[in-house]
Protein chains: 2
Amino acid sequence: MRTPDISIEECTYSHVLEIVSNKWTALVIYSLENGTVRYGEMMGRIKGISQKMLTQTLRQLERDGLVGRKVTPVVPPIVEYTLTPLGETLIPCMRMLNVWATDHFPHVKKAREEYDIGETSGTIA
Amino acid sequence: MRTPDISIEECTYSHVLEIVSNKWTALVIYSLENGTVRYGEMMGRIKGISQKMLTQTLRQLERDGLVGRKVTPVVPPIVEYTLTPLGETLIPCMRMLNVWATDHFPHVKKAREEYDIGETSGTIA
DNA sequence: CTCCTTACGCACTTCAAGGTTCGTAACCGA
DNA sequence: TCGGTTACGAACCTTGAAGTGCGTAAGGAG
């Protein structure tokens with residue numbers, strides 16, 4: 001009764017996750033942090049991403065207004081991507097998560113290992 | 001050549017997402033923000049969650065060392081969950097994302113609508 | 001005339017997250 | 001004896017995210 005019910009729809013936090021929780025989104029934003037990058041160059045920078053996933057991720061970010069897309073209709077084509085001002089506002093948030101991870105992720109890893117040990121051996125005795 | 005390649009493994013940011021990007025994780029953490037909560041009470045607070053998903057989410061958070069679990073073996077059983085100190089360190093991060101969402105999500109929504117209009121009608125002409 | 005390039009789109013497949021339902025221990029009150 | 005309670009576990013199904021591979025335009029180099 002004290003605290004009201006929580007739902008996903010009214011939780012703004014969940015909305016942010018919708019935007020940035022995709023597998024490659026963070027890496028794409030990172031690669032744009034220092035300015036405009038061409039499609040092909042991004043492919044080279046982000047290890048392991050496929051053409052399809054890069055395109056798909058960029059389309060989504062473009063749709064959300066976080067990155068801008070500039071096409072130069074020459075042959076072969078030149079397509080350049082840049083963070084929009086809106087997109088740049090995400091950087092501090094991501095940095096904060098980054099700091100948290102650097103500070104606390106080892107702790108999490110340790111907790112996991114201990115938990116898993118307790119799971120496998122502890123239940124027997 | 002200027003910036004080195006980025007990969008998911010070395011991106012700490014991606015590790016945090018592993019932890020908190022699950023659908024219900026944020027809501028569960030929120031519900032624990034003001035202190036210890038029993039299992040059944042959480043069910044009532046988090047709208048739409050099923051028993052399975054609540055248990056599953058709590059197990060994961062417990063494994064990651066973010067929430068503590070205390071069982072009182074009476075009948076019917078009493079199980080209480082609490083944020084650990086480590087779990088509490090996540091709150092500021094989540095708040096920041098929350099602020100970002102409140103400030104910028106309307107902008108994102110607008111961008112989406114405009115993009116979708118351009119998609120459906122613009123290509124024809 | 002043919003191949004090479006860039007930046008895609010499209011079709012197909014795989015896999016894991018999430019959701020639904022049912023069963024369970026153990027005691028207490030009626 | 002029997003239903004009610006709490007906090008689960010296990011089996012099953014669905015859906016969507018992610019991965020793989022192929023096709024393509026348009027012109028310039030050879």
Side-chain angles (χ1 to χ4, degrees), chain A residues 7-9 11 14 17-28 31-32 36-64 67-82 115 118-120 122-123, chain B residues 7-9 11 14 17-28 31-32 36-64 67-82 115 118-120 122-123:
Chain A
S7 73
I8 283 194
E9 297 82 37
C11 179
S14 302
L17 284 188
E18 258 179 52
I19 301 177
V20 293
S21 73
N22 307 320
K23 184 168 177 183
W24 301 101
T25 303
L27 299 185
V28 168
S31 73
L32 290 170
T36 299
V37 178
R38 282 187 66 179
Y39 180 89
E41 205 192 339
M42 283 186 85
M43 277 290 299
R45 287 204 196 170
I46 302 173
K47 195 180 158 190
I49 199 171
S50 68
Q51 287 190 335
K52 181 206 161 186
M53 290 317 294
L54 179 54
T55 302
Q56 192 175 301
T57 306
L58 285 167
R59 281 298 111 79
Q60 260 188 82
L61 290 171
E62 193 196 349
R63 189 174 104 100
D64 291 341
V67 308
R69 182 181 132 107
K70 186 195 162 199
V71 183
T72 308
V74 292
V75 171
I78 295 177
V79 184
E80 289 164 319
Y81 293 94
T82 318
Y115 184 92
E119 280 295 284
T120 46
T123 319
Chain B
S7 73
I8 284 193
E9 297 83 35
C11 179
S14 304
L17 285 187
E18 260 179 51
I19 300 176
V20 292
S21 73
N22 307 320
K23 184 169 177 182
W24 301 102
T25 303
L27 299 185
V28 168
S31 74
L32 290 170
T36 299
V37 179
R38 281 187 67 177
Y39 180 90
E41 205 192 339
M42 283 187 84
M43 277 291 298
R45 289 204 195 170
I46 303 173
K47 196 180 157 191
I49 199 170
S50 67
Q51 288 190 334
K52 179 206 163 186
M53 290 316 294
L54 179 54
T55 303
Q56 192 174 300
T57 306
L58 285 167
R59 281 297 111 79
Q60 258 188 84
L61 290 171
E62 194 196 348
R63 189 174 104 100
D64 290 341
V67 309
R69 180 180 133 108
K70 185 195 162 199
V71 184
T72 309
V74 293
V75 170
I78 295 176
V79 184
E80 289 165 318
Y81 293 94
T82 318
Y115 183 92
E119 281 295 283
T120 46
T123 320

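The chains referred to below are lettered A, B, ... by the order of the sequence lines, with proteins before strands, and numbering in each begins at 1. The model shown is predicted, which means the values in this text are computed figures rather than measured ones.
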Subject >> Heavy-atom side-chain proximity of B:Leu58 to B:Arg69 below 4.5 angstrom >> reply: no
**OP:** Round to the nearest Å and state the distance from B:Leu54 atom CG to C:dT20 atom P.
**Re:** 14 Å
Original post:
Can you tell me how far OG of A:Ser50 sits from NZ of A:Lys52, rounded to the nearest 0.5 angstrom?
Top reply: 7.0 Å
What pairs of nitrogen or oxygen atoms, one from the protein and one from nucleotides 13-15 of chain D, lie under 3.5 Å apart?
none

**OP:** Ignoring hydrogens and angles, tell me if any N or O in the side chain of B:Thr25 forms a donor-acceptor pair with the backbone of B:Ser21 under 3.5 Å.
**Re:** no
**OP:** Report the distance from atom CD1 of A:Ile46 to atom C1' of D:dG19, rounded to the nearest whole Å.
**Re:** 16 Å
Original post:
Given atom CE of A:Met53 and atom P of D:dG16, what is their separation to the nearest angstrom?
Top reply: 15 Å
Original post:
Between C:dG19 and B:Trp24, is there an OP1 or OP2 to side-chain N/O distance shorter than 4.0 Å?
Top reply: yes
Subject >> Atom pair distance, as rounded to whole Å: CD1 in B:Ile49 and P in D:dA7 >> reply: 14 Å
Subject >> Close side-chain approach of B:Leu27 to B:Ile49, heavy-atom, < 4.5 Å >> reply: no
**OP:** Send over the distance from B:Met43 CE to D:dT6 C1', rounded to a whole Å.
**Re:** 11 Å
Original post:
So how far is it from A:Glu80 CD to A:Lys70 NZ, rounded to the nearest 0.5 Å?
Top reply: 5.0 Å
Original post:
Hey, mind stepping through A:Leu54 and A:Met43 against side chain to side chain contact (heavy atoms under 4.5 Å, CB included) and telling me if it holds?
Top reply: CA-CA 7 Å; A:Leu54 179 54; A:Met43 277 290 299; 3.5 Å; yes
Original post:
At how many degrees, to 10°, do the end axes of the helix from C:dC1-D:dG30 to C:dA30-D:dT1 meet when each uses five pairs?
Top reply: 30°
Original post:
When every nucleotide of nucleotides 3-12 of chain C is labelled 5' to 3' by its protein contacts under 4.0 Å (heavy atoms), B for base, S for sugar-phosphate only, - for none, what sequence of letters results?
Top reply: --BBBBSBB-
**OP:** Check whether any side-chain heavy atom of B:Val28 lies under 4.5 Å from a side-chain heavy atom of B:Met42, and answer yes or no.
**Re:** yes
**OP:** Work out which heavy atom in A:Ser31 is nearest to a heavy atom in A:Ile46; give both atom names and the distance.
**Re:** OG-CD1, 4.1 Å
Original post:
Can you tell me how far C1' of D:dA17 sits from CD1 of B:Ile8, to the nearest Å?
Top reply: 13 Å
**OP:** Output yes when a side-chain donor or acceptor of A:Tyr39 lies under 3.5 Å from a complementary backbone atom of A:Gln51, and no otherwise.
**Re:** yes
Subject >> Pairwise distance OG1(B:Thr36) to CD(B:Glu41) - rounded to 0.5 angstrom >> reply: 10.5 Å
Original post:
Do you know which two heavy atoms are closest between B:Trp24 and B:Lys47, and how far apart they sit?
Top reply: CZ3-O, 3.7 Å
**OP:** Using whole Å, report how far CD of A:Glu18 lies from P of C:dA17.
**Re:** 18 Å
Original post:
Just how far, in rounded Å, is C1' of D:dG16 from NZ of A:Lys23?
Top reply: 15 Å
